[in-house]
Amino acid sequence: MPTSQQPHVTLRRLPAALLCLCLTLPGWAAGASDSATRYYEDAAARLARNDAAGAIIQAKNALQRDPEQLPAHLLLARALLKDGQAAAAEAEFEAALRLGVNPSEIALEYGQALMMFGNSEKLLERIKADGLPLRLRAEVLAMRATAQADRGDMRAAVAEVKLAREADPRALSPLLAEIDLALRSRDSARARQVLDTALGIAPGDARLLHLQAGLLQGAGDARGAMEAFNRAIAADPRMLDALVGRASLLIDLKRANEALPDLERAAALVPREPRVAYLKSLVYAQRGDTQASRAQLEDVVRLVDELPQEFVGRQPTLLMIGGLASQALGRGERARALLELYVRRMPGDAAGRKMLANIYLAAGETARVGDLLQPLISSGDADPQALTTLAALRMQQRRYRDAADALEAAARLTGNPGITAQMGFARIANMQPDIGLSALRSAFDKEPGQLNVATALSTLYLRRGDLRNALAVAEATTRRLPSDPAAHNLLGAVKGAARKPAEARAEYTQAITLAPGFLPAQLNLARLDLVEGRADAARQRLAALLKAHPTDVQVLTENARLELGAGRSADALALLEKAYALKPADPTVAQELLALYQKLGKPAPAVAVAKQLALSRPDDPLVLETLGRAHLAANNLADARSTFNTLSRLPGLEPGQLVAVGRLQLDAGAFREASASAEKALARNAGLVPAQILQIESEMALGDLNRADALLKSFATRSGNSAEALRLAGDLARARQQPRDAARLYRSAFDKAPSLALVLRGVETSFQAGEGDRAVSLLDTWLRTHPNDLTARSALAESHFRLGHLADARRLYEGVLAAEPANANVANNLAQILMALNDPGALNAAEAAYRLAPGDANVLDTVGWARARSGALDIGLKALREARLRAPESREIRYHLAWVLLRKGLRDEARAELQGALNSTNGSGYDIEIQNLRRELGV
């Protein structure tokens with residue numbers, strides 16, 4: 001655990017003897033009717049009987065009565081997916097995610113729904129493989145590989161497949177994905193090699209036989225292909241792809257009449273399949289029936305047009321046949337649109353490029369922006385207009401390096417300072433600040449009247465601490481534009497940064513004299529008032545601006561800052577939310593609102609704001625860090641890991657920044673990636689102590705204790721056996737299950753540099769060594785000199801609880817809760833202690849914790865268990881089902897759920913949950929209770 005972190009104390013284990021106590025609590029009717037639960041249970045039974053339609057109806061009935069019932073949303077999603085309603089299933093899976101289902105619970109099914117519509121970007125964002133069981137991990141990684149390939153990132157796709165095969169070498173899905181990647185790369189030899197491996201595992205699998213047929217057909221072995229298609233269809237007569245493939249082969253062999261029965265069977269399976277209609281058009285064309293062929297082409301166009309365009313755009317086959325059919329029917333614009341998408345999707349396909357080039361030629365468009373223009377740039381024949389137009393497109397696509405290269409070529413041809421400036425901005429966006437700054441300065445020196453260039457230059461110089469150049473640029477701009485208020489405002493800002501407030505005020509005042517309504521200068525004057533300690537003047541100025549401009553985002557934001565500085569968080573929040581609603585794409589507003597949400601403990605809206613911000617600025621390091629931290633605060637660890645990993649790959653990060661990113665990766669559980677970040681930092685600065693510490697901690701987290709030990713010995717020698725070296729040695733001893741050695745090392749580290757983090761490490765290792773009384777002594781000693789440390793007081797309460805000192809634990813938790821009434825974690829722990837004491841107030845305490853954190857799995861477990869033990873089985877069952885979906889790995893939750901299910905008479909479901917509890921390694925205790933429940937269930 002990094003030293004900067006303090007543990008989040010949550011009680012999750014109650015002594016077995018205490019659990020045996022029975023609660024008799026008022027306030028809940030034992031026979032309370034819950035119609036939503038009854039509908040849910042009926043829907044579950046119907047789905048188990050493969051009655052997807054009936055399950056959908058009953059799940060919807062349950063949700064009508066309880067729209068927030070998480071299990072019902074999930075059951076409805078599964079029923080919809082089974083019924084082929086992918087879009088509706090996707091919506092329900094997302095509803096379940098919003099309500100807090102653990103992503104691992106739905107990873108494969110949600111991914112299948114997304115894949116049905118080719119939604120690769122969303123799949124990669126939402127479906128993670130981290131922490132999944134090996135079999136499921138292999139399936140999800142294979143799915144992600146296909147999605148990576150769909151979006152054109154073949155390197156990432158290959159990496160995902162490799163991980164999938166490592167997770168489960170005998171799983172077919174990774175092999176199928178690898179075959180697909182080989183075929184996309186036109187590596188038929190690799191595809192055949194992997195296919196042979198797969199057929200060795202499952203020689204009769206219809207999917208593999210279909211792929212074998214396609215490879216044989218591509219190699220010119222029509223007879224072998226036909227035999228393989230026949231075997232595939234015999235293995236699975238309802239396999240659409242095999243029927244379509246055999247029909248296509250028969251058409252190529254001029255055996256159209258034999259192809260038609262396969263196409264009719266395919267049409268019966270999927271009545272609205274564009275590929276079938278296109279192949280039928282070819283059959284009728286071979287027969288000479290032009291009218292029937294045209295009718296089928298019209299069906300192709302209609303079917304493609306009726307499909308969601310987002311889906312069509314991800315399907316090369318649909319794009320190609322839709323383009324061909326549209327062109328044959330004279331729908332040139334539609335053909336062009338589809339083929340443009342096809343070329344974008346399949347840039348290496350020569351046929352698609354030739355077809356699209358012919359359409360452009362027929363339309364008289366000899367130069368087109370996009371991928372078709374790239375050969376011109378490579379040959380050096382592109383004119384400046386084409387280059388700048390291409391650059392504009394590349395900037396929109398956030399391909400900043402390509403944009404900068406095109407603009408640099410255009411600038412060489414023309415010498416235009418405006419183009420040079422654009423190139424500078426593109427270089428800066430591509431994380432090349434030195435080159436960008438040089439280009440901007442060159443453009444400015446040629447034409448000082450470019451105010452946007454002057455502003456960017458001055459800002460860059462100020463960030464580098466180069467006041468001399470910042471002033472030179474601002475003053476030159478003001479001399480060139482003496483009547484422009486923005487020029488004077490810029491000079492005022494630079495003067496303010498140079499700690500010349502009187503001169504800054506003069507420039508702001510001049511700007512307002514030139515343009516009385518010029519808001520930037522008025523806001524800068526208010527900021528200057530605050531800097532000079534004139535808070536009342538700033539408030540009056542900003543209040544007047546807010547009255548005059550109630551919907552101006554800058555005015556709202558500045559007023560929010562003022563309120564926040566005065567400690568009025570609620571007023572600041574209202575102002576920022578209004579500003580964000582007016583302009584959600586404004587990065588300043590978004591970041592300030594996000595920071596305030598996090599300060600106020602509102603993780604869900606913070607994540608929503610951060611996601612929206614990242615959509616508009618996906619390559620901004622600060623935005624990515626902000627998004628990752630928001631995910632961390634909301635406990636979305638897979639999303640946090642993905643975001644931080646993206647951040648670590650950005651070019652231009654300094655060693656210190658890499659360490660900061662690595663520490664975030666470590667916090668998010670991306671241990672291997674954290675180690676890589678440390679190594680990159682050390683490659684640039686071998687003596688960087690924080691990078692050395694990060695590297696050692698990462699190796700420990702990965703479980704490579706020998707490597708960690710070697711690195712630690714070297715670090716201890718270099719640092720003179722510093723407190724950090726001793727702390728790391730304690731961590732290593734703890735990882736090696738040597739708690740007494742760890743406790744001794746933590747004490748030595750504490751003697752050199754006292755901290756609560758070291759105390760808490762000592763507490764945990766004391767318990768591991770069977771010396772719980774020593775843990776209490778450590779905390780008592782710390783609290784004597786730090787009496788207001790609530791984290792330490794909470795840890796002391798937990799220590800007393802673990803020792804069975806329930807009265808002491810209760811007293812301490814009640815004290816912490818009095819100081820922090822909104823602390824849901826403490827409220828939940830207190831409720832568990834009251835349950836252990838069989839105190840009638842336990843249920844009220846659990847309900848209070850639930851009101852503070854209704855989406856927390858531990859809190860849901862506590863309140864559900866308390867409700868069920870009080871006799872309210874139905875309402876307790878609802879909470880426990882939600883807790884289990886949010887934390888499916890928890891042994892305690894699954895035991896509680898199994899216990900209640902058995903009391904409800906749902907024995908099969910109870911057995912499944914009890915088996916999950918038995919298999920779980922997350923949690924301890926309950927051994928006696930679980931064995932008793934096993935006997936009751938006959939497991």
Side-chain angles (χ1 to χ4, degrees), residues 115 118 120 137-236 239-253 275 314-317 319-321 342-354 371:
M115 289 294 282
S120 55
R137 177 177 167 81
E139 297 284 341
V140 168
L141 285 166
M143 187 185 297
R144 285 178 57 83
T146 301
Q148 296 280 18
D150 282 349
R151 72 170 188 169
D153 192 343
M154 294 300 288
R155 179 177 294 180
V158 170
E160 301 266 18
V161 162
K162 183 175 182 294
L163 291 172
R165 291 193 64 175
E166 289 172 355
D168 188 349
R170 294 191 61 79
L172 288 184
S173 293
L175 296 169
L176 288 165
E178 188 167 2
I179 294 167
D180 175 54
L181 298 186
L183 292 173
R184 293 181 194 230
S185 303
R186 302 173 185 266
D187 188 352
S188 55
R190 177 62 181 162
R192 285 193 295 272
Q193 180 185 6
V194 179
L195 179 60
D196 288 343
T197 300
L199 285 168
I201 296 171
D205 187 272
R207 296 168 299 173
L208 299 177
L209 293 168
H210 169 249
L211 286 169
Q212 185 182 48
L215 284 169
L216 291 168
Q217 185 177 359
D221 184 356
R223 176 177 294 180
M226 187 64 70
E227 290 176 357
F229 276 131
N230 292 341
R231 290 200 304 275
I233 293 168
D236 184 358
M239 188 176 186
L240 178 71
D241 288 343
L243 290 167
V244 169
R246 186 167 70 178
S248 177
L249 176 58
L250 288 167
I251 292 169
D252 287 346
L253 295 173
R275 291 178 299 168
R314 291 181 167 88
Q315 303 296 322
T317 301
L319 291 169
M320 176 60 83
I321 65 174
Y342 178 83
V343 170
R344 214 172 297 158
R345 196 80 178 156
M346 303 289 288
D349 185 73
R353 282 181 172 272
K354 288 177 184 178
D371 292 324

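Computed from a predicted model, the values in this text were never measured in an experiment. Count residues from 1 along the sequence.
Taking the salt bridge (Lys or Arg N to Asp or Glu O under 4.0 Å) definition, one finds that Glu160 meets it with Arg144, sequence neighbours left out. In this structure Glu166 satisfies the salt bridge (Lys or Arg N to Asp or Glu O under 4.0 Å) test together with Lys162, sequence neighbours excluded.
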Chi angles and distances behind the side-chain contact (heavy atoms from CB on, under 4.5 Å) call for Leu176, Asp180: CA-CA 6 Å; Leu176 288 165; Asp180 175 54; over 6 Å; no
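Residues Leu249 and Ala225 share a closest heavy-atom pair of CD2-CB, 3.9 Å. The heavy-atom pair separating Ala232 from Ala242 by the smallest distance is CB-CB, 4.2 Å. For Ala164 against Ala142, the heavy-atom pair with the smallest separation is CB-N, 3.9 Å. The heavy-atom pair separating Ala206 from Ala235 by the smallest distance is CB-CB, 4.0 Å. The shortest heavy-atom contact between Ala222 and Leu253 is CB-CD2, 4.0 Å. Between Ile201 and Pro169, the closest heavy-atom pair is CD1-O, 4.1 Å.
Here the CZ atom belonging to Arg207 is positioned 10.0 Å from the CG atom belonging to Asp236, to the nearest 0.5 angstrom. To the nearest 0.5 Å, atom CG of residue Leu215 and atom CG of residue Leu183 are 5.0 Å apart. Here the OG1-CD distance, from Thr197 to Glu178, works out to 8.5 Å after rounding to the nearest 0.5 Å. Atom CG of residue Asp168 and atom CG of residue Leu175 lie 9.5 Å apart, to the nearest 0.5 angstrom. Rounded to the nearest 0.5 Å, atoms CG (Leu163) and CZ (Arg165) are 12.5 Å apart. Distance CD1/Ile179 to CG/Leu211: 5.5 Å, rounded to 0.5 Å.
Electrostatic pairing of Arg275 and Asp241 counts as a salt bridge here, judged by a charged N lying under 4.0 Å from a carboxylate O.
At least one donor-acceptor pair closer than 3.5 Å links the side chain of Asn230 to the backbone N or O of Met226.
Side-chain contact between Asp205 and Leu209: absent, with no pair of heavy atoms (C-beta onward) separated by less than 4.5 Å.
For the residue pair Gln212/Arg231, the side-chain donor-acceptor check at 3.5 Å is satisfied.
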